[in-house]
Structures are given as C-alpha cells and as structure tokens.
Amino acid sequence: MSTLSRRTLLGAAPLWMAGCAMRRTTVAPFAPARLARVRVAPERVIRTIVGLRPFRPSGFVLRGEKLGGKAVIHNYGHGGAGITLSWGTAQLAVTEAAQVETRTAAVIGCGVVGLSTARLLQQRGYAVTIYTKAMPPDTTSNVAGGLWEPVSVFDHDRVTPEFRRQFGEAGRFAFQRYQSLVGDVYGVRWLPLYSLSRDGPRQPPPPESPNYEIEALYPDARQLTRAEHPFDVPYVYRRYSMLIEPTIYLNALLRDFLTAHGDVVIREFHGARGLAALREPLLFNCTGLGARELFHDEELIPVRGQLSFLLPQPEVEYMTIGPGDIYMFPRRDGILLGGSHDGGVWDMQPDPAATDRILRENAALFNAMTA
C-alpha cells in the first residue's frame, strides 16, 4: 500500500483545488421550477362560496373605550387580512387591556380574531368567556383564503401615523407567531408564492406605505427571469409565505381554548346595551362586520369575495396571485381559486358570471404553463 506524505498532498493541492473549480464551472444552467399544473375545469368544481370582508378605508380599529362601568377594547375591521393579522392585533389589544385591574374577560366573536385574542388572554392568566352567535365552521373566518399577506386592509389616503405603527407591529408579531405553528396540527405550511403580471415588474412599497415594513418579512424574495419559471407571463416575482388552512386552524384554536378551560356562550347581541349587561368587567369587541350595528361604525363596509374550489391536487405545492385579480391556493380541502372584490355588496349568493370568469382566467393561466 502506498501512502501520501503531507508534502506530496500539499504539493498536489493546487491541482486538486483547480479541479474542483473546473467542476463548479460546469454546472448546468438554471432550469425553470417544475410546478404541477392545476387542472381547471367546471366538472372539477366541488363548491363555490361567498364571504364578506369587514373593511374600513382608514384601517382596522384597535383602541379602548368605556361602556358604562366596563372597559371595551375594539379589535375589528381587518378587511381581507383577518387571519393574517389576527395574532398581531390580538397582541396589541391584550397589551392595551393590561392597565385594567381584572383577570376576567369576555371576548365577543368566535372568528379568528376573537379566538386569537382569547388564547393570548388565557396565556396571560385571564379567565375568558367567548360570547358568539356562530362558531367554526360557520364564521366569516372559515370563508377566508388563508394566505399570510395583509391585503385589502386600508385605503392609502386614509392612513394615520398611529395606524402605520399598529399595522407594522401587528404584522411583525403575527408573522413570527405563525412560524411557531407550522405543521399538520394547525394546518400551517410554507409555500412559494408567485406574483404574476403582464403590466410590469413588481414594485416594492414606498417607505411611506404601511406595507413597507411588511415587505421585508418575506424570505428569499426576487424577480425571476423567464428561464426560471413556467408561466406564460412576462413578469414573475417569487417569495415565500405561509398558507393557513382555515378549517384545520380554527378548529385547533378552538380546541386549545376549550382545553385551557375557556367557556363559550352562544348569544347574539343587537346593541351595546346587551354587552353592558355582561358580568365581565373587561370586553373585547372582535365582531368584524357586526361592529357596524353594535357600535354604529358607519365606515365599516362589506367587501364581497367569491371563491371556487376544485378537487384537491396534492402535487400542487405553490401559490399564485395574478395576473389581474385571480389567485390560487392549494389547500387540503381543495384547490382554491379566486377572486373578486365587490365593495358595499351584502349579497351572499354566488354569482355565476364571477364563477365563469374565475375559472376561465385561471384555466388560461395554468393551461399555458410550460412542462
């Protein structure tokens, strides 16, 4: 057996390292991502649903007030970002309530904002009762798409410095909190998100926009070249975000709340007088669109959204937004296709014309994908 001396090995090192360098330079060119094509066809539709986003042009409400001898913390009006921002605004609401001398609280509403607020209260040692007229799966939150992205929350010309601060804090806290829930138990997972456009490359939010700080949260984000994606559109921006499956997630939150000895009371309120009669001295108003009637918030309006679901395709492991108004999220309960945004519309019946458009535009996108 022959052996190599240290001197021989070191002497050969330049040639060995040169060989490594040569091998590195012969790597094949970057190939486009291999993404499974979504099979869009009317016969694959399993359901079409409608939801109403609780939208306020000036953004969500996060503040306290007095109601008789009680303290009320408002936490509503999240637009299309109820799931996205729920942990963040719940954190702000619970922090706001810390100055109230009690450890007994009532949460009004059992959607994602109410459940998140209730869980954070429990984790701070509060005894919590949720009062609600509906429970999962019959809440507005169950109709949400579930992508982590704070969209349809405010009109830019109505934003105040205080809202900008709250929005940034809520977004950062929620983004970190959801990362701790990734997995099958809560139905949260990371996926690549492709933003598709025919009009031009994605422009980052300007520094004066509330979205400026949010944009920096998305990992591995960049504009792709035409060789790096299979879509038949000129501009593709890819980043990573989380998809939260509402059915799995809301059931898990409710289970956690009940396991921690929380109580749920089915009750509908038609005015603030009913809330004032509750025994709890601290109330959290997480009623979404219900706050319009309860607290006469005339700025709060519905933004109607319609979704169609296709048969599940487990091989689809990516999300798309665009071109235009359409989007696709691959959930376990079906391939979700959207979208529509009809401001001020209360009608909950699916619109066949909207269904046809959503299917037609998504079919054109995915049928044109390269293999």
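In this text, all values refer to a predicted model and were calculated from it rather than measured experimentally.
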*Step by step, work out the side chain to side chain donor-acceptor pair (under 3.5 Å) result for Y131 and E280.*
CA-CA 11 Å; Y131 295 88; E280 292 85 0; 3.0 Å; yes
_With side chain to side chain donor-acceptor pair (under 3.5 Å) as the criterion, how do T355 and Q306 come out once you've worked through the C-alpha distance, each side chain's angles and the decisive distance to 0.1 Å?_
CA-CA 8 Å; T355 301; Q306 183 167 310; 2.7 Å; yes
*asked:* Show, in sequence, the C-alpha distance, side-chain angles and deciding distance for V38 and N362, and conclude whether the side chain to side chain contact (heavy atoms under 4.5 Å, CB included) test is met.
replied: CA-CA 9 Å; V38 177; N362 275 284; over 6 Å; no
_Test side chain to side chain contact (heavy atoms under 4.5 Å, CB included) applied to R189 and E245, step by step_ = CA-CA 9 Å; R189 56 184 168 141; E245 307 243 7; 3.6 Å; yes
*Working for side chain to side chain contact (heavy atoms under 4.5 Å, CB included), residues I326 and R360*: CA-CA 10 Å; I326 60 172; R360 182 178 65 255; over 6 Å; no
*Going through the distances and angles, do L193 and Y327 end up as a side chain to side chain contact (heavy atoms under 4.5 Å, CB included)?*
CA-CA 10 Å; L193 171 63; Y327 50 88; over 6 Å; no
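Geometrically, R37 does not engage F366 in a cation-pi contact, judged by NZ or CZ lying under 6.0 Å from the ring centre and within 45° of the ring axis.
A donor-acceptor contact closer than 3.5 angstrom is absent between the side chains of S241 and E149. Between the side chains of D256 and T259, no donor-acceptor pair is found at a separation under 3.5 Å. Residues Y178 and S86 have side chains that bring a donor and an acceptor to within less than 3.5 angstrom of each other.
Here the side chain of R172 pairs no donor or acceptor atom with the backbone of L217 at under 3.5 angstrom. Panel note: side chain R331, backbone L336; no donor-acceptor pair is recorded below 3.5 Å. In this structure, the side chain of E169 does not engage the main chain of L92 through any donor-acceptor pair within 3.5 Å. The backbone N or O of G324 lies less than 3.5 Å from no partner atom in the side chain of R198, so there is not a single donor-acceptor pair. Judged by distance alone, the side chain of R267 and the main-chain N or O of T132 form no donor-acceptor pair under 3.5 Å. With hydrogens and angles ignored, the 3.5 Å screen pairs a side-chain donor or acceptor of Q313 with a backbone N or O of R39. Side-chain atoms of D347 come within 3.5 Å of backbone N or O of Q349 as a donor-acceptor pair. In this structure a side-chain-to-backbone donor-acceptor pair under 3.5 Å is present from R292 to L300. No donor-acceptor pair closer than 3.5 Å links the side chain of S152 to the backbone N or O of G80. Judged by distance alone, the side chain of Q223 and the main-chain N or O of P201 form no donor-acceptor pair under 3.5 Å.
For R273, the CZ atom is loosely surrounded, since the number of other residues' heavy atoms within 6.0 Å does not exceed 12. Counting non-hydrogen atoms of neighbouring residues, nucleotides and ligands closer than 6.0 angstrom, the CD atom of E101 reaches no more than 12 such neighbours. Within a 6.0 Å radius of CG in D184, no more than 12 heavy atoms belonging to other residues, nucleotides or ligands are found. Residue-environment remark: CD (Q176) stays at or below the threshold of 12 foreign heavy atoms within 6.0 Å.
At a threshold of 4.0 Å, the pair D351-R357 does not count as salt-bridged, since none of the basic side-chain nitrogens sits closer than that to a carboxylate oxygen. Ion pair E299/R158 flagged as a salt bridge, since at least one NZ, NE, NH1 or NH2 atom sits closer than 4.0 Å to an Asp/Glu carboxylate oxygen.
In this structure, I244 and Y186 have side chains that are not in contact, with every pair of non-hydrogen atoms separated by 4.5 Å or more. Looking at N367 and V40, their side chains never come closer than 4.5 Å, going by heavy atoms from C-beta outward. Contact check for V45 versus L310: side-chain heavy atoms found under the 4.5 Å cut-off. The closest side-chain heavy-atom distance from N285 to L275 is not below 4.5 Å. Inter-residue side-chain proximity for R119 and L115 is flagged as unmet; no heavy-atom pair is nearer than 4.5 Å. Looking only at side-chain heavy atoms (C-beta outward), P136 and N251 come within less than 4.5 Å of each other. Residues V112 and T139 are not in side-chain contact: their nearest non-hydrogen atoms beyond the backbone lie 4.5 Å or more apart. Contact annotation: the side chain of D220 approaches that of R238 to within less than 4.5 Å [non-hydrogen atoms, C-beta and beyond].
Hydrophobic clustering keeps V61 apart from F163 (ILVMFWY residues linked when any side-chain heavy atoms are closer than 4.5 Å, directly or through intermediates). Linking ILVMFWY residues whenever their side-chain heavy atoms come closer than 4.5 Å, directly or via other members, places L85 and V182 in the same cluster. Cluster membership check: Y240 does not share its hydrophobic cluster with Y237, using side-chain heavy-atom separations under 4.5 Å among Ile, Leu, Val, Met, Phe, Trp and Tyr. Note on L147 and V143: same hydrophobic cluster, where clusters join Ile, Leu, Val, Met, Phe, Trp and Tyr whose side-chain heavy atoms are under 4.5 Å apart, directly or indirectly. Note on F269 and F284: separate hydrophobic clusters, where clusters join Ile, Leu, Val, Met, Phe, Trp and Tyr whose side-chain heavy atoms are under 4.5 Å apart, directly or indirectly.
A parallel orientation is assigned to the rings of F167 and F60, their planes being inclined by less than 30° (bins at 30° and 60°).
Taking the ring centroids of H156 and F154, they lie under the 6.0 Å cut-off. The ring of H229 has its center no closer than 6.0 angstrom to the ring center of Y194.
Between Y235 and D199, the shortest heavy-atom distance links the atoms CE1-C, 3.9 Å. Nearest heavy atom pair, residue I83 against residue G146, reads CD1-CA, 4.3 Å. The shortest heavy-atom contact between H270 and E293 is O-OE2, 3.4 Å. The minimum heavy-atom distance between L250 and G111, with the atom names listed, is CD2-C, 4.5 Å.
For the ring-ring contact (aromatic ring centres under 6.0 Å, His included) test with W148, the passing option among F329, Y249, F175 is F175; the others fail.
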